[in-house]
Protein chains: 2
Amino acid sequence: MVDTDSDGRRPVFAAERRQRILELVRANGAVSLRELAHAVQSSEVTVRRDLRALESEGLLNRHHGGATLPGDLNREASYVQKATLSSAEKSAIADLAASLVEDGDAIVVGPGTTTQEFARRLSRHTELAVVTNSLLVAQALAGFPRIEVMLTGGTLRGPILALVGSAAERSLAGLRVRRAFISGNGLTADRGLSTPNMQVACVDQALAAAAEEVVVLADHTKIGIDAMVQTVSAEQIDHLVTDDAAPRDVLDELGGKGVRLHVAQI
Amino acid sequence: MVDTDSDGRRPVFAAERRQRILELVRANGAVSLRELAHAVQSSEVTVRRDLRALESEGLLNRHHGGATLPGDLNREASYVQKATLSSAEKSAIADLAASLVEDGDAIVVGPGTTTQEFARRLSRHTELAVVTNSLLVAQALAGFPRIEVMLTGGTLRGPILALVGSAAERSLAGLRVRRAFISGNGLTADRGLSTPNMQVACVDQALAAAAEEVVVLADHTKIGIDAMVQTVSAEQIDHLVTDDAAPRDVLDELGGKGVRLHVAQI
DNA sequence: AGGGATCGGATCAAATTCGTTCATTTCCGG
DNA sequence: CCGGAAATGAACGAATTTGATCCGATCCCT
């Protein structure tokens, strides 16, 4: 109704701006001061002040040049590093995959850096219900009141911060959602999606089984690769989101097996 | 009161105007004072007065320049705020509590900044099995191969990054460990441990019920405080780890109820 | 380890908003 | 018709917010 552009020119309240900043930091894990200032249309001084206030509340950590999520969640630099590396493809894939989600959906999101990136894109949706076994995905979505995040139980697998084991699989039994967004280490037409770890593969299977449609997120480095354990066969995959550097022949082969292709332009 | 028989250009009643203001705020989420004044054809002073009244009723939040819906921009600072407070005490308490853990133990760790600190101290132990509903605790223990971390399932509660809800409680059913290390927002001899949130309280109860012995970690700022919902009665508490600034009388009272006291020297 | 560049903190100034006081208007009962 | 109470609007000083600028601190690259 009252749009803020034509007539209103309503000044953004300080609390609103801080909330926005918080969301941006939560969504991206780490944001530079300049980006924040540009995003909230304020001067860097003001953002600095906001960051100081938010830090004093323990809601984020301030660093030279920006701010990050609080706690030790990303002191483990490896995860963040991996996430920021090769971000162009991942980002494009995540964007495209997020467009497959509609407000009000119930979805499953598997572990992985690509799916984590994807999860961050979900913050603009509302009334979502997200089931995941990835702590990173859960963390990316924490703090958005319009998104309900449910974690499966299970044993923590340290290196990827995902929950595995029988408890994880059991908690997925009886669950039914519209779409599952999962990733993996390799994808071929013959053997479908695969990962090198047995436990992870078992949970991935359970994740896929809980959804009516399976969406696979895989950048070009994974297409044509075969890891050890098959998680989902090509026939079970309904959508594949990848980037335009993926080998054409494999994509065609997958398409022949009924996989709908979504190729992100880098 | 309701004498609207004569339809002739009656003045807008105050209650009517406030209702209109409320509608506008609800419809737009946030409205500037100027807009409101223009919309209800009143002076800004009057709107200011209305906003003050509406705020005192909790129907909206007032900000510099306007008003917003209540709750949207609240970030539940209460929990996090205390995180930066008294880190020296937390550290000492965490150290002392960690000495209650032995290699090979199976323990439960609840959410909270103190228990998170405690969890970090556990890395020197081996062959531990840790069950928790706190993402922060899980994260603190991730990457130590000698420690098996199991997360309960459940709905993610953003502000404290803990899992709550029936799924969390269900996953604890049938579990039996030696000790539960939990925290809270208040501890008195009469009402035991308490937190301000109902869901969190329910899970805390389940956590405590899964252990043979309950260990409470609470710094002096929480001793003598009573939050809203009781989680564990004083009789159920076997150990209390606190710091030496805790009020002596409350400690004695707790000791009289069978709580073994561990007081950390700052 | 050093130099250049960038970032953070502090002070100051401008603009806007808030709270209070006071005058005016309106409504109601006697 | 009149007096009082409540509500509204106007005005002015105080407080808050925001942005610009300067200078010290920090970081990065060589």
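Excluded from the calculations below are hydrogen atoms, water molecules and symmetry mates; all remaining heavy atoms, backbone and side chain alike, are included. Quick note on labels: first sequence line is chain A, next is B, and so on, each numbered from 1. Since we're looking at a predicted model, the values are computed, not measured.
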Exercise. For the side chain of R62(A) and the base of dG8(C), is some donor closer than 3.5 Å to an acceptor across the two?
Worked result: no
Problem set entry | Interatomic distance, R52(A) CZ vs dT17(D) C1' [rounded to whole Å] | 14 Å
Exercise. H38(B) has an atom NE2; how far is it from atom P of dG9(D), in whole Å?
Worked result: 14 Å
Exercise. In whole angstrom, what separates E44(A)'s CD from dC7(C)'s C1'?
Worked result: 9 Å
Exercise. What is the distance, rounded to the nearest whole Å, between atom CZ of R18(A) and atom C1' of dT17(D)?
Worked result: 10 Å
For this session: Give the rounded distance in Å between these two atoms: CD of E35(A) and P of dT6(C).
Result: 17 Å
Problem set entry | Salt bridge flag under 4.0 Å for residues E44(B) and R48(B) | yes
For this session: Tell me whether the OP1 or OP2 atom of dG19(D) has a side-chain N or O from T46(A) closer than 4.0 Å.
Result: yes
Exercise. Salt bridge between E117(A) and K90(A), side-chain N to carboxylate O under 4.0 Å?
Worked result: no
Exercise. Can you find a side-chain donor-acceptor pair between N197(A) and T195(A) that sits under 3.5 Å?
Worked result: no
Exercise. R48(A) side chain N/O closer than 4.0 Å to the phosphate oxygens (OP1, OP2) of dT18(D)?
Worked result: no
For this session: Specify the separation, in whole Å, of atom CD of E16(B) and atom C1' of dT8(D).
Result: 16 Å
Problem set entry | First encountered from the 5' end of DNA chain D, between S43(A) and H64(A) | S43(A)
For this session: Give the rounded distance in Å between these two atoms: CG of L51(A) and P of dT18(D).
Result: 13 Å
Exercise. Under the 3.5 Å rule, do the base of dG19(D) and the side chain of R49(A) count as making a donor-acceptor pair?
Worked result: yes
For this session: Go through the side-chain N and O atoms of R121(A) and S99(A) and say whether any donor and acceptor fall under 3.5 Å apart.
Result: no
Exercise. H63(B) NE2 to dG19(C) P: how many Å, rounded?
Worked result: 13 Å
